[in-house]
> 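First the structure, then my questions, so here it is.
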Amino acid sequence: MAALSFLILTGAPSHTLRSAAEHSGILIGTAIRTQRLSELAYATTLAREFNMVEAEDAMKWEVVHPRKDSFDFSQADRVVAFAAGHNMKVRGHTLVWHRQLPAWLTNEKRSHDELTEILERHIKTVVGHYRGQVFAWDVVNEAFDEVALGRLRSTIWYDQPGIGFARQGTAYIERCFHWAHEADPEALLFYNEAGAQAINPKSDAIYAMVRDFKHRGVPIDGVGFELHISGLHPDIASISQNMARFTALGIQVHITEMDVALQVDSNGNATPQDLQRQAAIYRELASVCLRYPGCTAIQTWGFTDKYSWIGSHSGNRQGAALLFDSQYRPKLSYEALRDTLGRER
Ligand code: XIL
């Protein structure tokens, strides 16, 4: 009886990320690898803990558009079917990017007109295929430069040769949003970017673009902040200020690719201190999101340290960036995120 009244007074504790997130009315997602869905621990952890998924690679050009005149949705369809079977939402990633493009596209010189036709057809075919099943799309990914912060990156879509708006700033991006909107008027359309979560020249440029798009009625619904964190010292105050200004534009913000990379030894293990600091970062960043009603989803870039992008792209032994260890045991970062999501907004 005492235990029962305790539960009634405090509310039942949330036992999974998913139930915690439902409590605070936010989506909790992860990127997934199609080929791992057949691993029991992978699939059960995924279905138990998350209410949103995104294909880590399966919806990218090189996978879905392997030849000029044919599309292959077999891998991506498995992601969508898994989500439907477990009552999860699907984020689509990504329609316009300069990486993971098929050789048939990049090996030949093309005119603006030809490239425009190819891109329009790609966007409309992929978005059309998933109409009503993918609730939000990263329409354009990482279009701003890494080095010359605040400038558009020189890419096949912008100016090499580009779809016809070379040196007209964000006009080519705008075009892509219109095409995606035509293919699925109900889908939420996002611009997604790396390294733009804090106030800096890159996020200033994206802010100016989104404000302009909103004023002129370009169909954009949100901005994705990737949040690949390394170095253990993200500027929380600046990220919060940035989140405030973006959500004040009347758009949504999704945290789309969060991971917190740690230094690891040759066995892939991080120090206890770093794991604690990592947990604090997950907690602090989730709290920032919960502070703004416009921040509607938090997604991590994978969920188990067994399969993570971190470590595969850097030589200096980084890893252990996610919520579960490589045996699918919840880490301190998991507990910190779950407890934060379980709070009222
Ligand atoms: C990464 C994937 O995790 C890898 O499997 C792949 O080899 C390269 O791309 N920003 C993005 C993601 O928007 O699509 C990238 O994903 C990570 C950086």
> Drop me the distance from Thr304's OG1 to Leu46's CG, to the nearest 0.5 angstrom.
11.5 Å
> Who pairs with Trp301 by side-chain hydrogen bond (donor to acceptor under 3.5 Å, both in side chains), at least two apart in sequence or on another chain?
none
> Does either side chain, that of Ser154 or that of Gln160, offer a donor lying less than 3.5 Å from an acceptor on the other one?
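Note: Ser154 and Gln160 side chains meet the donor-acceptor criterion.
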> Would you call the rings of Phe303 and Phe50 parallel, tilted or perpendicular, where under 30° means parallel and over 60° means perpendicular?
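Answer is tilted, since the angle falls between 30° and 60°.
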> Just to verify, what does Trp61 make a ring-ring contact (aromatic ring centres under 6.0 Å, His included) with, not counting sequence neighbours?
His65, His122, Trp157
> Going by the salt bridge (Lys or Arg N to Asp or Glu O under 4.0 Å) test, which pairs reach into residues 40-58, not counting sequence neighbours?
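Residue pairs passing salt bridge (Lys or Arg N to Asp or Glu O under 4.0 Å), neighbours aside: Arg33-Glu56, Glu54-Arg91, Asp57-Lys60.
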> Measuring only between side-chain heavy atoms, which start at C-beta, is Ile220 closer than 4.5 Å to Val139?
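Of all side-chain heavy-atom pairs linking Val139 with Ile220, none is under 4.5 Å.
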> Check whether any side-chain heavy atom of Leu232 lies under 4.5 Å from a side-chain heavy atom of Val260, and answer yes or no.
yes
> For Asn87, is the CG atom crowded, meaning more than 12 foreign heavy atoms sit under 6.0 Å from it?
no
> Can you confirm whether Glu117 is buried at CD, in the sense that more than 12 heavy atoms of other residues, nucleotides or ligands lie under 6.0 Å from that atom?
no
> Would you please name every residue forming a salt bridge (charged side-chain N to carboxylate O under 4.0 Å, His left out) with Arg245, sequence neighbours left out?
Asp204
> Tell me whether Asn51 contacts the main-chain N or O of Ile28 through its side chain, where contact means a donor paired with an acceptor under 3.5 Å.
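Yes.
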> Please confirm whether the backbone N or O of Gln197 pairs with a side-chain atom of Lys202, one donor and one acceptor, at under 3.5 Å?
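Answer holds: no.
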> List the residues meeting salt bridge (charged side-chain N to carboxylate O under 4.0 Å, His left out) with Arg175, not counting sequence neighbours, and say none if there are none.
none
> For Asn141 versus Glu226, what's the shortest heavy-atom pair and its separation?
OD1-OE2, 3.6 Å
> Any side-chain heavy-atom pair from Leu290 and Ser24 closer than 4.5 angstrom?
yes
> Would you say the side-chain atoms of Asp265 pair up with the backbone N or O of Asn267, donor to acceptor, closer than 3.5 Å?
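Yes; judged by distance alone, with no hydrogens or angles, the pair exists.
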> Taking only residues at least two apart or on different chains, which pairs with a member in residues 209-243 satisfy disulfide (SG to SG under 2.5 Å)?
none
> Quick one, Arg317 and Ser266 - any side-chain contact, counting heavy atoms below 4.5 Å?
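Yes; the side chains approach each other to less than 4.5 Å.
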> Clusters formed by hydrophobic residues whose side-chain heavy atoms approach within less than 4.5 Å: which one holds Leu188, and what are its other members?
Leu27, Met52, Phe135, Phe190
> Using the test salt bridge (charged side-chain N to carboxylate O under 4.0 Å, His left out), find all partners of Lys306 that sit at least two apart in sequence or belong to another chain.
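Only Glu39 meet the salt bridge (charged side-chain N to carboxylate O under 4.0 Å, His left out) criterion with Lys306.
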> If you count every heavy atom of other residues, nucleotides or ligands that lies below 6.0 Å from Arg291 atom CZ, does the total exceed 12?
yes
> Distance alone, cut at 3.5 Å: any donor-acceptor contact between the side chains of Gln299 and Thr256?
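There is no such pair (donor and acceptor under 3.5 Å, judged by atom type) between the side chains of Gln299 and Thr256.
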> Can you sort out the partners of Ala205 under side chain to side chain contact (heavy atoms under 4.5 Å, CB included), two or more places apart, ordered by chain and number?
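For Ala205, the residues satisfying side chain to side chain contact (heavy atoms under 4.5 Å, CB included) (neighbours in sequence not counted) are Phe144.
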> Hey, could you give me each pair passing ring pair (Phe, Tyr, Trp, His ring centres under 6.0 Å) that has a residue in residues 260-282? Not counting sequence neighbours.
none
> Under the salt bridge (charged side-chain N to carboxylate O under 4.0 Å, His left out) test, which residues partner Glu186, sequence neighbours left out?
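For Glu186, no residue satisfies salt bridge (charged side-chain N to carboxylate O under 4.0 Å, His left out) once neighbours in sequence are set aside.
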> Got Phe246 and Tyr292 here, is their nearest side-chain heavy-atom distance under 4.5 Å?
no
> Which residues pass the ring-ring contact (aromatic ring centres under 6.0 Å, His included) test with Tyr191, sequence neighbours left out?
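Scan of Tyr191 (ring-ring contact (aromatic ring centres under 6.0 Å, His included), adjacent residues dropped) gives none.
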> Angle class for the Tyr130/Trp137 ring planes (parallel below 30°, perpendicular above 60°, tilted otherwise)?
tilted
